[in-house]
Amino acid sequence: MMYRLAAEGVLPHTPPMYRRLSSRLAQARREGRFPDLIDTVREVHVPPAWPDADAFVAEMPAWFRLDRTVGQKRALYVAFTDCGELSSYSDLR
């Protein structure tokens, strides 16, 4: 929010203004006067979790992978700068 307001010239981009805006927005959220902010551009990656150890053990075999780079002098890593690229790669598996 601060960066958007500062970029549009509505507020000065200074640490005191950031703290003041943060404090006021937090208070407004606690009082129910400010909506939750939703970032429609980014995706939150949540680590996997299981309700109990039995559920984890039941799912574990699907997670097993051999390290096929053992003993190799070189390895190839693929990096993505865009989530769209990642989803295209995921479809290939």
Side-chain angles (χ1 to χ4, degrees):
M1 171 84 43
M2 176 65 185
Y3 302 110
R4 178 77 181 257
L5 293 170
E8 293 182 14
V10 176
L11 295 177
H13 190 230
T14 63
M17 183 55 71
Y18 179 84
R19 287 190 298 272
R20 183 174 174 199
L21 178 64
S22 179
S23 173
R24 296 230 172 139
L25 291 177
Q27 183 66 32
R29 278 193 298 276
R30 284 191 293 272
E31 294 171 357
R33 298 182 294 117
F34 192 83
D36 291 335
L37 297 177
I38 299 172
D39 186 346
T40 59
V41 178
R42 298 185 183 151
E43 181 179 342
V44 176
H45 297 276
V46 179
W50 297 265
D52 54 46
D54 290 335
F56 172 72
V57 170
E59 194 172 319
M60 222 173 20
W63 284 55
F64 177 76
R65 300 285 186 277
L66 288 175
D67 181 358
R68 302 202 184 273
T69 63
V70 171
Q72 294 181 4
K73 293 182 180 180
R74 292 182 177 81
L76 174 65
Y77 294 92
V78 180
F80 298 98
T81 59
D82 184 310
C83 285
E85 295 173 12
L86 178 61
S87 64
S88 296
Y89 171 76
S90 297
D91 292 342
L92 297 176
R93 288 195 270 157

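By convention here, the first residue in the shown sequence is residue 1.
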Sequence neighbours excluded, the answer for side-chain contact (heavy atoms from CB on, under 4.5 Å) partners of Arg19 is Pro15, Pro16

Regarding Arg30 and Gln27, is there a side-chain donor-to-acceptor distance under 3.5 Å anywhere?
->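 Present: a donor and an acceptor within the cut-off.
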
Between Leu21 and Met1, which heavy-atom pair has the shortest distance, and what is it?
->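 Where Leu21 meets Met1 most closely, the heavy atoms are CD2-CG, 4.1 Å.
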
Compare every heavy atom of Pro61 with every heavy atom of Ala58, then report the nearest pair and how far apart it is.
->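 For Ala58 versus Pro61, the nearest heavy atoms are O-CD, 3.5 Å.
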
Which residues share a ring pair (Phe, Tyr, Trp, His ring centres under 6.0 Å) with Tyr3, sequence neighbours left out |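 Tyr3: ring pair (Phe, Tyr, Trp, His ring centres under 6.0 Å) contacts with His13.
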
Name all residues meeting the ring pair (Phe, Tyr, Trp, His ring centres under 6.0 Å) criterion together with Phe34; count only those two or more places apart in sequence or in a different chain, and write none if there are none.
->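 Ring pair (Phe, Tyr, Trp, His ring centres under 6.0 Å) check on Phe34 returns nothing, list empty.
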
With Arg4 via salt bridge (charged side-chain N to carboxylate O under 4.0 Å, His left out) - residues at least two apart =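 Expected list: Glu8.
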
Sequence-distant partners of Arg33, salt bridge (charged side-chain N to carboxylate O under 4.0 Å, His left out), two or more places apart =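 So Arg33 forms a salt bridge (charged side-chain N to carboxylate O under 4.0 Å, His left out) with Glu31.
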
Do Thr69 side-chain atoms and Gln72 backbone N/O form a donor-acceptor pair below 3.5 Å?
->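 Looks like no, no N/O pair under 3.5 Å.
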
Just grab all the ring pair (Phe, Tyr, Trp, His ring centres under 6.0 Å) pairs involving residues 47-69, residues at least two apart or on different chains.
-> Trp50-Phe56, Trp50-Trp63

